[in-house]
Amino acid sequence: MKIFNKYLIKRSLIISSFIFIIFALLDMVFNIISELESLTDNYTFLSILKYSITSMPHRSIEFLEGASLLGFMIALGISHQEGNLNVLRSNGQSPLKIILISTMGSMILVLSVLTLDEMIFKELHMNSKIEKVLLTDQPKKAQPNSQWIMQNDSFLSYTNIIKDTIFNVRLIRLDLDSKKVRYFKSAQSAKIQNGALVFDEGVLIENISSQEKIGNLEKFSFPLVASIPFSDIDNLRISNIILYRSYLLNSNLQEDILFKAHLDKAYYKKLFYPFSVLAILIFFGSFIFGSLRDSSPGSRIVLAVLGGFLYRISQDLSASIFISYNLPILIGVVIPACILVLISIYSYKKI
């Protein structure tokens with residue numbers, strides 16, 4: 001029986017990994033095609049190819065859940081047709097135990113990819129985005145969408161932020177006594193470092209007061225909420241999310257409370273992602289032994305993929321509802337998976 005169990009694990013791992021790689025490669029191809037519209041003298045085809053390849057590992061996380069479910073169902077379907085599942089059941093293994101053993105292959109893939117994403121892929125993705133923005137001169141094109149921040153005697157304007165780099169940055173420093181401009185700085189990009197901005201080497205400085213010596217380092221405490229756009233929250237590492245949540249823990253500002261709620265949503269979704277995938281696999285695995293056991297493998301696979309898509313929507317909707325009503329985000333994220341587990345327990349008892 002150990003040979004059959006190892007075979008189930010190996011098959012689900014290989015098929016899930018193969019599907020995941022195919023999905024990732026297809027996404028990279030479509031990304032290259034879409035990026036070709038942004039070709040410039042600086043942003044060449046080789047730059048597009050480099051950006052697509054380096055951003056592919058992190059982007060492929062979007063397909064991890066679907067690839068794991070699809071590979072798991074295909075592996076189970078093949079084993080069922082070969083009669084391996086019947087052999088295991090005739091030797092006293094319950095359907096739930098068979099499914100749990102089969103999920104191990106897909107879960108090995110999920111845990112491996114998530115670990116690599118936290119350690120390598122996210123950093124690689126963010127660096128590739130910064131390089132792309134610099135090559136395509138996107139900040140200059142986005143000037144009408146500039147955002148302004150006022151802090152003491154300074155006004156800061158920028159268009160977008162990636163990681164710790166702000167683009168198309170302009171800073172105006174005032175003299176509070178005379179209400180006049182002391183100097184003006186502008187640059188294509190600047191780094192946010194320990195309560196200061198470090199402008200790039202191409203910084204342009206217009207010094208109203210000729211007696212003042214000005215460099216490319218400027219003291220400016222960039223607000224946390226402004227430094228992390230909502231669209232980039234999902235690209236943060238878990239360690240960074242924990243750090244940012246601690247910064248906002250005691251804030252009573254409505255804007256900070258909303259931002260922390262979205263950080264909580266991203267944090268709990270990342271933390272319970274493996275549990276969510278496992279719940280989906282166990283739930284749809286029951287179809288192999290349940291009322292759909294006589295249906296074609298294709299119909300079971302289509303139903304599982306559709307169900308996985310609906311599950312993701314329900315989890316996002318549940319978390320958003322809990323954010324809207326200031327309820328614990330953890331419950332909103334976990335509820336869909338818990339419902340699946342309860343339904344699965346009932347399904348396996350009927351088998």
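Small disclaimer: the values here were computed from a predicted structure and weren't measured. The first residue of the sequence shown is numbered 1, and numbering continues consecutively from there.
Rounded to the nearest 0.5 angstrom, Met28 CE and Ile32 CD1 are separated by 4.5 Å. To the nearest 0.5 Å, atom CG of residue Asn84 and atom CG of residue Asn5 are 10.5 Å apart. Summarising the geometry, atom OH belonging to Tyr267 is positioned 9.0 Å from atom CD1 belonging to Ile241; distances are rounded to the nearest 0.5 Å. Of the inter-residue distances, the one linking Leu88 atom CG with Ile98 atom CD1 reads 5.0 Å to the nearest 0.5 angstrom. For the atom pair CD1 (Ile161) and OG1 (Thr159), the distance works out to 9.0 Å, reported to the nearest 0.5 Å. Distance check: Thr103 OG1 to Leu8 CG gives 10.5 Å after rounding to the nearest 0.5 Å.
Listed by first and then second residue, the ring pair (Phe, Tyr, Trp, His ring centres under 6.0 Å) pairs involving residues 30-67 are His58-His125 (not counting sequence neighbours).
Applying the salt bridge (Lys or Arg N to Asp or Glu O under 4.0 Å) criterion to Asp234, with sequence neighbours excluded, gives no partner residue.
Remark: the backbone N or O of Ser55 is not paired with any side-chain donor or acceptor of Lys129 at under 3.5 angstrom. Judged by distance alone, the side chain of Lys122 and the main-chain N or O of Leu236 form a donor-acceptor pair under 3.5 Å. Between the side chain of Ser16 and the main chain of Leu13, no donor-acceptor pair closer than 3.5 Å is present. Side chain of Asn127 to backbone of Glu123: a donor-acceptor contact under 3.5 angstrom is found.
Between the side chains of Tyr7 and Glu82, no donor-acceptor pair of N or O atoms lies under 3.5 Å. Inspection of the Ser276 and Gln315 side chains reveals an N or O donor paired with an N or O acceptor under 3.5 Å.
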Which pairs would a plain distance check flag for residues 332-349, meaning a side-chain donor or acceptor within less than 3.5 Å of a matching protein atom at least two apart in sequence or in another chain?
from, atom 1, to, atom 2, distance (Å)
Ser344, OG, Leu340, O, 2.7
Ser347, OG, Ile343, O, 2.9
Tyr348, OH, Ile282, O, 2.8
Tyr348, OH, Ser286, N, 3.2

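Taking the six-membered ring where the residue is Trp, Tyr268 and Phe272 present tilted rings, their angle falling between 30° and 60°. Between Phe284 and Phe287, the two ring planes are perpendicular [angle over 60°; tilted spans 30° to 60°].
Hydrophobic clustering keeps Leu69 apart from Leu310 (ILVMFWY residues linked when any side-chain heavy atoms are closer than 4.5 Å, directly or through intermediates).
Counting heavy atoms from C-beta outward, Asn42 and Ser47 have side chains that stay 4.5 Å or more apart. Two residues are said to be in side-chain contact when any heavy atoms from C-beta on lie closer than 4.5 Å; Met107 and Pro274 meet this criterion.
Between Asp264 and Lys260 there is a salt bridge, with a side-chain nitrogen of the basic residue lying less than 4.0 Å from a carboxylate oxygen of the acidic one.
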